[in-house]
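Let me begin by presenting the structure, written as structure tokens, before commenting on it.
Hydrogens, waters and symmetry mates are skipped; everything else that's a heavy atom, side chains included, is used. Note that the structure is predicted; figures quoted are calculated from it, not measured. In this chain, residues are counted from 1 in sequence order.
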Amino acid sequence: MPLREHLVELRKRLFLAAAGIAVGAVAGWFLYEPVFELLQQPLLDAAAERGGNVSVNFAGLATAFDMQLKVSLFLGALVSSPWWLFQLWAFITPGLTSKERRSAFGFLAAAVPLFLAGSALAAYVMPTAVRVLTDFTPRGASNFIDAQTYLSFVMRFVLAFGLAFVLPVIMVCINLVGLVPARTWAKGWRWAVLLAFVFAAIMTPTPDAITMIVMALPICGLYFAALGICVLHDRRVAKRASTEPDAEPVADTGAEPA
């Protein structure tokens, strides 16, 4: 596919993905209040535990509106994850046959639960991260956290780990369509492990190494599981190719070779 058609396809998929997120954001708008209470609950728990004053601060006149809009988009991204993940798959494999396109259902069946699992793992660690970070506030002092900053922190943390859990699925899919062989992934396993720990170190806000390891190990495990699937697929393809009958020889015309 020429570069121009790739760009047109990218624009189309981005538009469809954005439209899906916008539809999900409409539902998220009406769920703002219970979700906001859930988001600020780690702060309230940390304040109650240390006997201090920790709360979300709306600094500007339009900050509350911006907060609700961003929470709605955040929920829209989570709710519409099957839709925009499908658009991602459709962009990666635009020229496949109808039979190969049916593998999109397998991609969604694996990618959506993994995306939600990564997001859930980040949400599970979030209260611990908030508690550790607020513990640095001196006794007797108040910690008024900017609402925009806190929301950006939560969104980056949750969505980043959700996407990190999807990457091994993409790795398997591009192997299944023959774009990258398993030996290429196998050669880069050291870099993959290093990047997983660097990613966890950057995205994990707590200073302890235990949380970083807890977040990095599932990513490494998914990488090696995906590598194993790619190896099995390449072996099956090689075995199938070795058992196919050889092509019939070309008839001898008696002409001298050039």
Taking distance alone, no hydrogens or angles, what donor-acceptor pairs closer than 3.5 Å link side-chain atoms of residues 64-71 to residues at least two apart or in another chain?
unit_1	atom_1	unit_2	atom_2	d
K70	NZ	Q148	OE1	3.0

Could you list the residues that satisfy side chain to side chain contact (heavy atoms under 4.5 Å, CB included) with V154, not counting sequence neighbours?
-> L39, M126, Y150, V158
With ring centroids as reference points, do F157 and F161 lie under 6.0 angstrom apart?
-> yes
Do V23 and V35 sit in the same hydrophobic cluster, where Ile, Leu, Val, Met, Phe, Trp and Tyr count as joined when their side-chain heavy atoms come under 4.5 Å apart?
-> no
Does L195 sit in a hydrophobic cluster with other residues, and if so which ones, taking ILVMFWY side chains as linked at heavy-atom separations under 4.5 Å, directly or through other members?
-> none
Contacts of F15 meeting ring-ring contact (aromatic ring centres under 6.0 Å, His included) (sequence neighbours excluded), chain-then-number -> none
In chain order, what residues pass the side chain to side chain contact (heavy atoms under 4.5 Å, CB included) check against A111, with sequence neighbours excluded?
-> L85, F107, V166, V169
Under 4.5 Å between side-chain heavy atoms, hopping through other hydrophobics if needed: is there a path connecting L232 to L227?
-> no
Could you note down all residue pairs passing side chain to side chain donor-acceptor pair (under 3.5 Å) where residues 117-127 supplies at least one of them, sequence neighbours left out?
-> none
Heavy-atom pair with the smallest gap, counting every atom of A164 and P168 | O-CD, 3.4 Å
Do R235 and V231 touch side chain to side chain, with heavy atoms closer than 4.5 Å?
-> yes
Between CG of L121 and CD1 of I219, what distance do you get to the nearest 0.5 Å?
-> 8.5 Å
For C220 and F197, which heavy atoms make the closest approach, and how far apart are they?
-> SG-CE1, 3.9 Å
To the nearest 0.5 Å, tell me how far S72 OG sits from F30 CZ.
-> 9.0 Å
Linking Ile, Leu, Val, Met, Phe, Trp and Tyr through side-chain heavy atoms less than 4.5 Å apart, which residues share a cluster with V237?
-> none
Listed by chain and number, what are the ring-ring contact (aromatic ring centres under 6.0 Å, His included) partners of W84, not counting sequence neighbours?
-> F115
A160 meets the side chain to side chain contact (heavy atoms under 4.5 Å, CB included) criterion, sequence neighbours left out, with F199, M203
Under 3.5 Å, which donor-acceptor pairs link side chains of residues 170-189 to any protein atom two or more places apart or in another chain?
unit_1	atom_1	unit_2	atom_2	d
N175	OD1	H233	ND1	3.3
N175	ND2	V180	O	2.9
N175	ND2	D234	OD1	3.2

Student check: side-chain heavy atoms of F74 and L78 closer than 4.5 Å | yes
Gap separating the CG atom of L73 from the OG atom of S80, nearest 0.5 angstrom | 10.0 Å
Side-chain contact, heavy-atom cut-off 4.5 Å: W83 with L16?
-> yes
What residues, two or more places apart in sequence or in another chain, satisfy side chain to side chain contact (heavy atoms under 4.5 Å, CB included) together with L38?
-> none
Can you check whether W29 reaches L75 side chain to side chain, under 4.5 Å on heavy atoms?
-> no
